[in-house]
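This report refers to the structure that appears directly beneath it.
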Amino acid sequence: TTSPAPQQIEETMAYYPLLPIIALALTLLTSLPSPVEGDAYDDLWTQYMQQTEAAKYESTVSRRERNLDHWDVPTAAAYLGLHPETLKPLPTYASSESSTDTSSSSTSTSTSTTSSDLTDEYVGHDAAILFYAQWCHNCHAVAPSWDAIATHMNAGTRSSNLVMALFDCEKNAKATELCVAAGIRAYPTMMYVGSGEYHDTDLVTSGVLGRDRSAGPFGATTLRRTVKFQGNWQYGDQILDWVRIMGGLSSWHSVVDSGPLRGLRDGLFRFVTGGKYK
């Protein structure tokens with residue numbers, strides 16, 4: 001056997017310092033992600049869109065998507081006639097006990113709004129609300145019908161005079177408190193908020209069965225200008241008819257409570273009560 005020449009040994013030794021660099025380069029090349037194509041790309045895009053949708057639902061700010069509104073607690077309280085902080089029902093008229101303290105410093109000209117100044121006022125248009133919980137399978141089942149009705153009614157526009165909304169009752173403790181104040185006992189519950197008072201029970205059946213059983217499976221309403229849907233949520237036509245009928249009653253309330261008809265009604269009540277009606 002012949003041993004390598006000294007010159008060959010020196011040339012081989014010259015490459016040894018480059019071996020770590022070559023090994024590092026090979027490691028980096030093998031660790032680069034390969035291009036994603038076909039079904040794998042679709043799966044990654046679907047996962048990204050799902051994460052984006054989930055992040056939107058974590059928001060606590062009201063927003064509108066197409067013809068549906070997603071409400072936060074202050075927005076729902078304003079429509080339902082609840083105090084924004086205590087979530088107690090607001091009075092129809094301002095309290096007469098509120099007074100101004102004139103003995104204090106007269107240099108301050110600013111005015112502050114107290115709880116007694118807040119009243120249950122109609123916002124100028126109706127609202128239909130779907131109260132739900134994320135874990136409720138029936139809520140997810142009725143959601144497409146609710147969305148389709150909102151599109152059909154052109155909700156959220158001036159011409160419709162109607163807002164259709166979603167409210168997650170279990171998003172946080174304050175949302176749960178609001179739903180309790182609104183009388184929500186089951187999911188999904190659909191509620192209509194109009195311009196006047198709704199009567200969902202009568203004296204005879206409520207006296208025999210009780211007010212909640214007399215109203216229907218979802219119980220009687222607890223707020224003055226609201227009424228619950230008592231039909232079968234599995235039939236979208238029933239929900240659509242209910243929204244239209246409640247809207248018609250709300251329009252009638254608006255006509256009766258304003259203009260010549262209100263003057264005629266108030267005059268009749270004053271005549272009957274001997275001028276005591278105000």
Side-chain angles (χ1 to χ4, degrees), residues 56-65 67-95 97-98 111-134 136 139 142-143 146 150 153 155-158 160-200 212 215 218-229 242-243 246-247 249-250 253-254 257:
K56 288 195 301 184
Y57 283 95
E58 293 300 322
S59 172
T60 57
V61 181
S62 291
R63 68 187 189 280
R64 174 169 295 171
E65 295 180 5
N67 296 95
L68 275 180
D69 286 16
H70 299 258
W71 280 357
D72 57 8
V73 172
T75 304
Y79 276 87
L80 294 171
L82 297 173
H83 192 279
E85 296 177 359
T86 64
L87 297 179
K88 302 294 184 183
L90 293 172
T92 307
Y93 303 102
S95 174
E97 297 178 356
S98 60
T111 59
S112 60
T113 302
T114 61
S115 12
S116 60
D117 297 325
L118 298 175
T119 58
D120 177 16
E121 296 182 357
Y122 179 56
V123 298
H125 52 266
D126 301 348
I129 315 165
L130 172 62
F131 294 92
Y132 72 97
Q134 288 288 354
C136 172
C139 299
V142 75
W146 195 251
M153 298 291 292
T157 62
R158 291 182 180 272
S160 67
N161 196 43
L162 172 69
V163 169
M164 294 190 66
L166 298 168
F167 188 83
D168 186 354
C169 285
E170 299 190 6
K171 189 173 187 62
N172 50 48
K174 202 67 175 178
T176 303
E177 185 181 350
L178 182 140
C179 290
V180 171
I184 306 303
R185 302 182 178 181
Y187 304 126
T189 293
M190 284 160 277
M191 181 178 290
Y192 198 93
V193 186
S195 61
E197 187 172 359
Y198 290 98
H199 301 278
D200 53 0
D212 284 329
F218 292 93
T221 183
T222 58
L223 302 176
R224 187 177 66 90
R225 293 183 296 103
T226 66
V227 62
K228 297 177 183 177
F229 175 73
W242 172 75
V243 170
M246 295 304 105
L249 290 175
S250 178
H253 289 152
S254 298
D257 289 339

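One-based numbering along the sequence shown. Quick caveat, the model's predicted, so the values are computed rather than measured.
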**Message:** So, using side chain to side chain donor-acceptor pair (under 3.5 Å) as the criterion, who are the partners of D69 when residues are at least two apart?
**Reply:**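 D69: side chain to side chain donor-acceptor pair (under 3.5 Å) contacts with R64.
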**side chain to side chain donor-acceptor pair (under 3.5 Å) involving Y122 - partner list, sequence neighbours excluded** =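 By the side chain to side chain donor-acceptor pair (under 3.5 Å) rule, Y122 matches D126.
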Donor-acceptor contact present, side-chain [X] to main-chain [Y], <3.5 Å:
{"X": "K228", "Y": "F218", "value": "yes"}
{"X": "K171", "Y": "A133", "value": "no"}
{"X": "K88", "Y": "A181", "value": "no"}
{"X": "R225", "Y": "E197", "value": "no"}
{"X": "N67", "Y": "A155", "value": "yes"}
{"X": "T226", "Y": "L223", "value": "yes"}

What are the two closest non-hydrogen atoms of [X] and [Y], and how far apart are they?
{"X": "P84", "Y": "L118", "answer": "CD-CD1, 4.0 Å"}
{"X": "S160", "Y": "G156", "answer": "OG-N, 3.8 Å"}
{"X": "T119", "Y": "L90", "answer": "O-CD1, 3.6 Å"}

**Item:** Selection residues 176-190 - residue pairs positive for side-chain hydrogen bond (donor to acceptor under 3.5 Å, both in side chains), sequence neighbours left out
**Value:**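 Qualifying pairs, neighbours excluded: E170-Y187, R185-D212.
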**Prompt:** Of T222, L178, T75, which meets side-chain contact (heavy atoms from CB on, under 4.5 Å) against L80?
**Reply:**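 Output: one option passes, namely L178.
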**Item:** Y79 and W71 aromatic ring geometry - parallel, tilted or perpendicular at 30°/60° bounds
**Value:**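 It falls in the parallel class, under 30°.
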Could you tell me if the side chain of [Y] sits less than 4.5 Å from the side chain of [X], heavy atoms only?
{"X": "D120", "Y": "P89", "result": "no"}
{"X": "M190", "Y": "W146", "result": "yes"}
{"X": "Y198", "Y": "M246", "result": "yes"}
{"X": "V73", "Y": "L87", "result": "yes"}
{"X": "F229", "Y": "Y192", "result": "no"}
{"X": "V227", "Y": "M191", "result": "no"}

**Request:** Evaluate side-chain contact (heavy atoms from CB on, under 4.5 Å) for V193 paired with V123, printing each intermediate quantity in order.
**Result:** CA-CA 10 Å; V193 186; V123 298; over 6 Å; no
**Pairwise distance SG(C179) to OH(Y132) - rounded to 0.5 angstrom** =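 If we round to the nearest 0.5 Å, C179:SG and Y132:OH are 10.0 Å apart.
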**Asked** From D72 CG over to D168 CG, what is the distance, rounded to the nearest 0.5 angstrom?
**Response**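 Rounded to the nearest 0.5 Å, the CG-CG separation comes to 12.0 Å.
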**Asked** When you look at H70 and F167, which way does the side-chain contact (heavy atoms from CB on, under 4.5 Å) test go after all the steps?
**Response** CA-CA 6 Å; H70 299 258; F167 188 83; over 6 Å; no
